[in-house]
Structure formats: structure tokens, C-alpha cells
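Both counts, for ligands and for their atoms, begin at 1 and track the order of listing.
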Amino acid sequence: QRHLLGIEPLRADEITTLLDLADQYVTLSRRREKHSSLLSGLTQINMFFENSTRTQSSFELAGKRLGADVMNMSMQASSIKKGETLIDTALTLNAMHPDLLVVRHPQSGAVDLLAQKVHCAVINAGDGRHEHPTQALLDALTIRRAKGRLHRLNIAICGDIAHSRVARSNLLLLHKMENRIRLVGPATLMPAGIDAFGVEVYDNMEEGLRDVDVVMMLRLQKERMDGGFIPSEREYYHRWGLDAEKLAHAKPDAIVMHPGPMNRGVEIDGTIADDINRSVIQEQVEMGVAVRMAAMDLLARNLRARPTELSA
Ligand code: CP
């Protein structure tokens, strides 16, 4: 692949290759062998048009650990504020010959559009409600390490499915790897026609979590609700927030995941989030750096194999 724009175009064997490589980066990092010169001489620009803690910092760390020259564009201080369009901004940066753009944007499809206009590799760091591929890959690596496999697991994705690019990318990936997926949450926060996707849909947490191996909680994405239905946080927590009572319906060794940022007391009880026997939320963050190193490593191999395209 030239870019990493989503999970949709990836085959199961490509996902496995990337996860295997990411696993090696986890081992190296834990041995404090964090640095290499694999991306030496390559320029990585991070363009985040939406706030981020985990994704932006881990892409920056990943690039630096692989030896790239990493630039974080401050979009708040850029000429976007003076009315310059996304495409003009991309063309301007393209003229400076970057090798890799990492882009997050609030509009679904914006990163695909940008990728068509530039000569370098592009990684989607989250576009609107569409995709967040590296999040799904880091979630997959976390599950595979915790459960010893990434197939034939019962996985519940819970909460605000309709507005979540994390849910969409995870659904695509976990489906490709032949898992059984349940979506659990209020009917008002389920995308129309989702049951045609080969998933089971529940609006009741107790039923939805029964005997699952993995419980993946999602944030209520109020910023994407466009004045539509916004549930009261109290009512939402009571019915769909993960607490010990609801988690007791999952398998005794079920793991608890959350992509962050978390709203404690809204979609998850803080005690569950911090329970190191159940929660793998900190492992997800650790896997984020390794997966992003693996993604950039694989894209860089393609870049090096196509020097003429870089100078086009
Ligand atoms: N999970 C995730 O994308 O977090 P950030 O918004 O902090 O990057």
C-alpha cells in the first residue's frame, strides 16, 4: 500500500504482517532499544486539524524513534485561520517534499482527498466518523497479546457507535479477522442499517455483554451530534456505562478497552478503568507507539522502492 487511509482496503494477511512487526517494536521498546535510523533522511509532517493527545504524541514519538525529521504543524497558528483551504495547505507542504503526512481532520473523507493531491505517503490519523485505522490496529494488537489470538472471539463494542470512527475501523478489522461482533448501545446512537453488516445489535448492556471475551467502550462524541439526540450523562451512565455489575455478565477473564479520551462516570466507571486485572487501556497506549512505528516502517519500504515518485 502507498498510503494507510483506512482498514477497508487492507487484507487480513496485511493486517497480520503489520501486527507481527509492531510486536517486534514492543519487544525492542521494552528492552530500551527504542531507536533506529530506518526513516533517516525522511521528513514526516503531522497535521492535526482536531485535538489529540494519544495519536499525535505517539506518531511524533514513533517517527523520532525511527530517525525521521518530524515536524508538528500547529494548525491553530497556520494560514488555515486566514481562510486557506485544506488542499492549498496540502499543496504548499507538498512543495517542500515531505515523505510522510499524518493527518487528522473533522470531515469524513478529507484525508482521502488530500492523499490524491500530494506525492508522499499519507496516514489517516482519524477523519470525521469515517476511519481511524491505526487505532483499530493498536486495539487488535492489544487484543491479540491479551487473548493469544485475534479470531473467533466474542467482542462487544459499546456506546456511541453512530459517531465513532474507532467503532467503524474496529468493526472492519475484527470482521476481516473472523470475530463475532456485538454492538451495544442506545438505538439512537446506532448507524442505520448496521445489522446488515453481520453484527448482533443490543440496546441492553447485560444481554450484550453476556459471555464476551472483550468489552470495548467508546466515548460519547457530543461534538459530532449536530444538535441531535444528546442523552443526559446520568441516564446514559445508568443504562450504558460500564460498571462492575454490568461487567459481571462478560466472561470472568474478559478484558476492558477504551480508546481514550475517557469520560469517567459517563461511559465507564473509574474503578474499572483503573483495574489492572481487567483494563488494558494503558497497554492500548503502549501499542499505539509500536503500531505507528510498524505502519511507518512498512510505508517507508515502499517509499524507498519508488524514488522517482518522491521527486515527481
Ligand atoms: N484514541 C485517540 O484517538 O485519542 P486522541 O484523540 O487523544 O488522539
Side-chain angles (χ1 to χ4, degrees), residues 4-7 18-19 22 44-65 70-76 100-111 122-143 145-146 155 157-174 185 214-225 242 255-264 266-268 270 272-274 279-296:
L4 177 55
L5 298 175
I7 297 297
L18 193 147
L19 298 185
Q44 169 191 340
I45 303 181
N46 296 333
M47 300 168 70
F48 278 67
F49 295 88
E50 241 186 24
N51 293 345
S52 168
T53 297
R54 282 146 285 268
T55 313
Q56 181 162 2
S57 55
S58 58
F59 266 115
E60 183 178 351
L61 269 183
K64 286 181 173 168
R65 286 182 182 176
V70 184
M71 187 178 104
N72 286 310
M73 279 284 295
S74 166
M75 302 323 296
Q76 289 302 320
L100 185 61
L101 293 181
V102 178
V103 187
R104 170 171 287 190
H105 198 278
Q107 299 298 325
S108 303
V111 184
V122 176
I123 299 182
N124 181 359
D127 64 321
R129 305 175 187 190
H130 178 227
E131 282 237 34
H132 191 350
T134 55
Q135 179 69 46
L137 289 161
L138 75 88
D139 290 339
L141 184 59
T142 308
I143 294 170
R145 288 172 66 95
I155 300 175
I157 307 179
C158 311
D160 180 1
I161 312 289
H163 301 100
S164 176
R165 56 195 175 210
V166 174
R168 192 165 185 281
S169 288
N170 263 300
L171 191 54
L172 290 164
L173 189 155
L174 296 168
V214 177
V215 181
M216 189 181 288
M217 301 307 299
L218 298 171
R219 183 174 65 87
L220 262 188
Q221 312 239 333
K222 289 186 175 176
E223 72 276 20
R224 296 192 213 288
M225 290 186 186
L242 185 67
I255 56 169
V256 173
M257 307 179 73
H258 193 303
M262 259 187 293
N263 290 310
R264 292 168 183 258
V266 179
E267 68 263 0
I268 190 166
I272 303 276
D274 297 333
S279 165
V280 292
I281 294 170
Q282 295 307 319
E283 279 86 343
Q284 287 175 268
V285 178
E286 181 187 5
M287 296 311 123
V289 179
V291 153
R292 286 159 184 141
M293 288 175 85
M296 291 198 284

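- In terms of polar-atom proximity, defined here as any N/O pair under 3.5 Å, P261 makes no such contact with ligand 1.
- Contact between G260 and ligand 1 is present, with at least one heavy atom of the residue lying under 4.0 Å from the ligand.
- Ranking the protein heavy atoms by distance from atom 6 (O) of ligand 1 puts R104 NH1, 2.9 Å first.
- For ligand 1, the polar-atom distance check finds an N/O of T53 within less than 3.5 Å of one of the ligand's N/O atoms.
- Under a 4.0 Å criterion applied to the non-hydrogen atoms of T55, ligand 1 contributes the atoms 2 (C), 3 (O), 4 (O), 5 (P), 8 (O).
- Between the side chain of R129 and the main chain of H163, no donor-acceptor pair closer than 3.5 Å is present.
- Residue contact annotation: E50 has no non-hydrogen atom under 4.0 Å from ligand 1.
- Cation-pi geometry between R292 and F59 is met: the NZ or CZ atom falls under 6.0 Å from the ring centre, inside 45° of the normal.
- Partners of F49 under the ring-ring contact (aromatic ring centres under 6.0 Å, His included) rule, at least two apart in sequence or in another chain, are H105.
- No side-chain donor-acceptor contact under 3.5 Å links R219 and H258.
- Evaluated for a side chain to side chain contact (heavy atoms under 4.5 Å, CB included) with I45, the options L101, V70, N72, L100 yield exactly one hit, L101.
- Counting heavy atoms from C-beta outward, L174 and I143 have side chains that approach closer than 4.5 Å.
- For atom 4 (O) of ligand 1, the closest heavy atom belonging to the protein is R54 NE, 3.1 Å.
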